[in-house]
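One structure below.
Order of the sequence lines fixes the chain letters, A, B, ..., with proteins taken first and strands second; residue numbering starts at 1 for each chain.
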Amino acid sequence: MDFLLMNDMGFPILSTLIFLPLAGALILLCIPGENAARNWTMLVTIVTALISLPLYWKFDVTTAKYQFCEQLAWIPSLNINYTLGIDGISLLLVLMTTLLMPLCVLGSWRYIEKRVKEFMICLLLMETSMLGVFMALDLVLFYILWEAMLIPMYLLIAVWGGPRKVYASIKFFLYTLAGSVLLLVAIIALYLHQGTFSIPALMGQDYSSTFQILVFLAFFLAFAIKVPMFPFHTWLPAAHVEAPTAGSVILASVLLKMGTYGFLRFCLPITPEATLTFLPYVLWLSVAGILYGGFTALAQQDMKKLIAYSSVGHMGFVTLGIFVLNQKGIEGAILQMINHGITTGALFFCVGMMYERTHSRELSAAAGVGRFMPVYVAFLTFFSLSSLAFPGTNSFIGEFLILAGGFADYKLVAACAIPGAVLAAAYMFRMLQRVVWGGTNNPDQSNLTDLNLREIVTLAPLLYFVFWIGLSPEPFMNVLHVSVSHLIEQVGVAPGDSVSIAKLMLP
Amino acid sequence: MDTIVSVKPLLAILTALAGSVLVMLSGRKPNVRESWSFVAAVTMFAIIASMITTVAPAPLGQGRTIVYQLFSILPGLSITLRVDAFSMIFAVVASFLWMLAVFYSAGYMRGLHEHAQTRFNACFALALFGAIGVAFSDNLFTLYLFYEIVSICTYPLVAHHQDEEGYEGAKKYIVYLTTTAKGLVLPAMILIYVLTGTLDFPHNIQSGIFPAGTVDSHGVLVTVLYIFCILGFAKNGIMPFHNWLPGAMVAPTPVSALLHAVAVVKVGVFCTTRVMLYVFGTDLMNALNLGIPTAYFVSFTILAASIIALSKDNLKARLAYSTVSQLSYIVLGVALLTTSGIQGGLIHIANHAFSKITLFFCAGAIYVATHKKCISEMSGLGRTMPFTFGAFAIASLSMIGAPPVAGFVTKWKLLVGTMEMETHYIGILLVLLASTLLNVGYFAPVTYKAFFGKRPAGEAYEGIKEAPLTMVVPIMIAAIISVIIGIYPDFIMNFVKAVTG
């Protein structure tokens with residue numbers, strides 16, 4: 001197969017990354033003691049992160065082919081293979097996942113007090129399936145890992161969650177499962193058509209228009225629920241609010257990205273014609289999500305809900321960038337996926353740290369802590385600024401590219417997204433103002449202690465990335481260029497040339 | 001254009017940043033803290049002054065441009081610092097006045113026993129960090145970055161008192177400034193990037209960054225972008241987005257003085273004029289006929305704000321509306337698109353700064369000495385505070401535009417610039433004359449009543465009782481400089497002439 005570059009590292013690096021956390025989870029079963037469980041999980045996640053780093057150095061930025069590939073026959077009678085590989089689109093997501101996991105463990109160090117071992121096992125299982133989803137190049141493998149993720153995530157919310165954890169976890173489960181069923185239908189339809197489950201082999205084939213439209217819709221629904229796009233977002237605030245800190249972070253930083261990753265990996269290259277047909281609707285849905293998320297976030301009293309709704313807005317920008325179908329837009333969207341993972345993850349950590357102290361997520365309970373927790377407030381300020389796309393931070397670059405891509409081809413759509421940027425500033429400043437200053441009748445916060453070393457270590461790397469991507473995004477952009485232009489070729493839009501059908505729908 | 005690479009502009013802005021950090025670290029020792037502020041101010045002024053010989057045009061210096069690239073972000077998008085004649089007009093004035101303001105605010109804050117003086121001083125330095133960054137921006141992105149930094153860092157200063165009124169004013173402040181910046185400047189910046197592929201300012205005021213032919217192909221779009229930029233930098237106080245400025249007057253007076261006479265509002269007009277001249281350029285503005293509509297548009301602000309000022313009894317509110325009115329002179333001058341007009345507008349950045357800071361300093365001194373805020377209460381106060389009101393009289397003459405004070409130079413240049421126009425000069429002349437009369441109308445009574453009015457009943461004359469010396473000395477320095485640059489405008493005029501070429 002000419003689209004795969006087989007792994008020549010001397011050991012199967014991708015399989016190692018997938019199975020190391022799984023093995024770690026199995027060994028953890030036999031380790032007694034809560035602190036031992038924490039330390040062991042920390043060790044496993046750090047080793048996984050270290051092993052994943054060479055992926056970046058060895059990655060060949062000049063080719064759009066899948067790299068570090070591994071292929072083994074799995075169920076030959078059905079032509080199902082165990083195929084792994086990554087390209088520029090998935091590389092950054094894989095690295096983000098591996099680097100974020102140690103921080104999640106660190107952030108849950110004191111937050112989780114009951115059933116520590118089981119919690120850590122769930123985290124490790126999550127890591128295995130998340131990495132697998134980003135690496136799988138075979139639809140069956142992809143689907144199994146996609147589904148496998150549901151169980152530990154369900155447990156994370158249902159066991160360690162807040163007061164309404166049962167409601168939230170079941171809602172999360174049902175929504176995602178509904179999407180997954182359609183995903184399965186699309187997978188089987190494609191298999192019956194082409195006789196293969198290999199994702200790269202399914203791209204660019206000659207499908208009829210109706211077939212493409214049906215497959216696109218099935219894929220789209222599955223991924224739109226995961227992203228979540230407006231109006232499929234209602235599971236998200238509930239899940240975020242009830243999930244423990246690490247669960248929220250994983251949910252926001254990694255799980256949501258699977259939806260947008262699905263668009264890029266399946267919808268665009270496999271069903272390009274249908275993509276162009278539905279493009280105007282998706283663009284307007286994105287704008288609706290951006291504005292809806294912004295307005296709703298502005299009205300929240302609960303900090304976690306506020307950030308959850310801000311995620312709806314931010315992910316609206318990502319889908320907007322993906323579906324403007326030009327180099328800037330898609331590159332911006334992928335970068336924004338990473339940025340959102342870093343920034344929103346960090347914000348959830350911040351809220352969690354406040355929750356550990358005041359046992360409340362209400363804005364009013366956290367009002368006016370600026371005087372007593374200067375370090376915390378400094379971190380919160382920088383992450384909030386990043387979230388509202390302050391120039392010089394990571395999100396600015398992402399939003400700038402997305403909007404530049406939008407303005408290049410669809411001026412009206414991009415112009416309608418601008419109020420979303422204003423709203424982001426409004427709700428973030430509102431939160432920041434409440435937390436740092438409060439009003440004239442703040443609750444007494446003098447008994448609060450500032451961040452300890454562990455918490456600073458959790459947040460500092462994220463802050464570093466905020467400014468690294470914000471000030472010098474080139475190392476991150478470099479890996480994207482070739483893969484993204486290859487993707488645009490697959491969709492069949494010539495650069496600078498807008499889509500004819502879409503033109504009819506859009507000014 | 002002759003450019004050299006030098007790290008000096010970076011050092012200048014880092015000085016303010018370092019000053020702010022040192023202030024935060026030495027919060028427990030007020031004297032050490034204030035000396036850090038002062039050291040930072042002096043160092044920054046020294047660094048900026050040391051660039052004068054490089055940047056100033058021929059008789060004074062070499063007429064070069066200093067450039068220093070910090071980060072390259074995307075193709076055509078970078079964080080780069082540049083010092084040219086235009087930057088120097090603003091940078092020299094702002095950094096000089098910072099030194100005066102450090103002294104003055106030490107006197108003011110201690111005189112009133114204000115709380116949170118450490119935060120106040122740290123944010124003060126950060127605001128200067130942003131303001132000088134704006135002055136030294138080489139492209140629209142860097143400009144926008146520092147513009148936003150100024151917005152954020154001045155919020156704590158406006159909300160300083162932390163009472164209902166303070167929070168309300170500060171909320172208004174941040175809502176106006178970030179909404180306009182994000183809602184108007186950001187899309188304009190992105191569209192300019194999409195159209196041209198770059199945001200770097202050219203080195204002359206004629207060409208702008210739009211390639212030739214844009215006028216024909218995207219004339220309407222460019223006009224819309226221009227409108228976005230004029231309104232988007234809402235710190236320039238142009239109506240209808242001026243309302244944050246009177247609201248922000250709840251801040252302590254040194255904040256009003258430095259920020260709302262020098263740093264913040266001047267950042268606004270600096271950005272506006274920088275964008276008019278260096279993004280759109282005079283050629284394009286002439287081709288699309290953008291100058292005259294802009295001139296009439298800001299004329300409305302000049303007149304309306306003056307009329308509102310007439311009705312204000314609170315001295316700071318009157319000064320605030322005076323600021324709104326005077327800022328539009330700067331934009332008006334540039335919008336005339338004639339050489340003298342642009343010169344008159346740009347030199348007003350400096351002239352207005354010195355005079356208006358004097359006025360605000362006086363208002364603060366009056367408050368510290370007598371706790372009076374309203375003009376109606378100040379009747380006869382001139383005999384108690386002769387130095388303060390003397391300085392006030394000089395500075396208000398400058399605002400009116402009477403010789404030999406600085407404002408006269410502006411008025412002269414603006415009138416000459418108006419006469420150079422081919423059409424519409426009658427209309428603009430009438431605006432200038434009417435606004436001068438209005439200026440007299442709202443400034444003259446203050447001084448007149450202070451010196452010749454009757455003292456309120458129950459307040460006997462008890463001899464001269466001025467504010468502390470740390471406040472009076474900066475007032476006198478600023479007032480004297482207002483006179484000096486009125487008689488010898490050449491130093492700043494050199495830079496202004498280098499801009500217009």
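- For A/A417, no part sits under 4.5 Å from any heavy atom of chain B, backbone or side chain.
- Here the closest non-hydrogen pair linking B/F141 and A/G392 is CZ-N, 4.1 Å.
- Applying the 6.0 Å contact sphere to CZ of A/R371 captures no more than 12 heavy atoms from other residues, nucleotides or ligands.
- Contacts between residues 316-324 of chain A and chain B, defined by a heavy-atom separation under 4.5 Å, are made by no residue at all.
- From B/I174, atom CD1 reaches atom CD of A/Q433 across 10.0 Å, with rounding to the nearest 0.5 Å.
- The shortest heavy-atom contact between B/Y167 and A/G438 is CZ-O, 3.6 Å.
- The two residues B/Q162 and A/T440 come nearest to each other via the heavy atoms O-CG2, 3.6 Å.
- Ranked by heavy-atom pairs under 4.5 Å with chain B, the list A/I397, A/L403, A/L471, A/L401 is led by A/L471.
- Taking non-hydrogen atoms and a 4.5 Å limit, the residue list of residues 175-184 of chain B in contact with chain A, ordered by number, reads B/T178, B/T179, B/K182, B/G183.
- Note on B/A116, B/S78, B/P156: by heavy-atom pairs under 4.5 Å with chain A, the leading option is B/P156.
- Contacts between B/F146 and chain A at a heavy-atom distance below 4.5 Å are absent for every atom of the residue.
- Taking the six-membered ring wherever Trp is involved, the centroid distance between the rings of A/F400 and B/Y193 falls below 6.0 Å.
- B/I73 touches chain A through backbone and side chain together, each having a heavy atom under 4.5 Å away.
- Within 6.0 Å of the CZ atom in A/F295, the count of heavy atoms belonging to other residues, nucleotides or ligands does not exceed 12.
- Of the listed residues B/A159, B/G166, B/S72, the one with more heavy-atom pairs under 4.5 angstrom with chain A than any other is B/A159.
- Residue B/L70 does not touch chain A at all, counting heavy-atom pairs closer than 4.5 Å.
- Within 6.0 Å of atom CZ in A/F429, more than 12 heavy atoms from other residues, nucleotides or ligands are found, so the atom counts as buried in its surroundings.
- The residue among B/I190, B/V194, B/L77 with the most heavy atom pairs within less than 4.5 Å of chain A is B/I190.
- The most heavy-atom pairs under 4.5 Å with chain A, out of B/L186, B/T142, B/I152, come from B/I152.
- For chain B, the nearby part of A/L385 is the side chain; its heavy atoms alone come within less than 4.5 Å.
- Comparing B/I79, B/L195, B/L74, B/L145 by how many heavy-atom pairs each has under 4.5 Å with chain A, the most go to B/L145.
- Annotation: B/Q69, atom CD; neighbour count of heavy atoms from other residues, nucleotides and ligands within 6.0 Å is above 12.
- Counting non-hydrogen atoms of other residues, nucleotides and ligands closer than 6.0 Å to CH2 of B/W36 gives a total of 12 or fewer.
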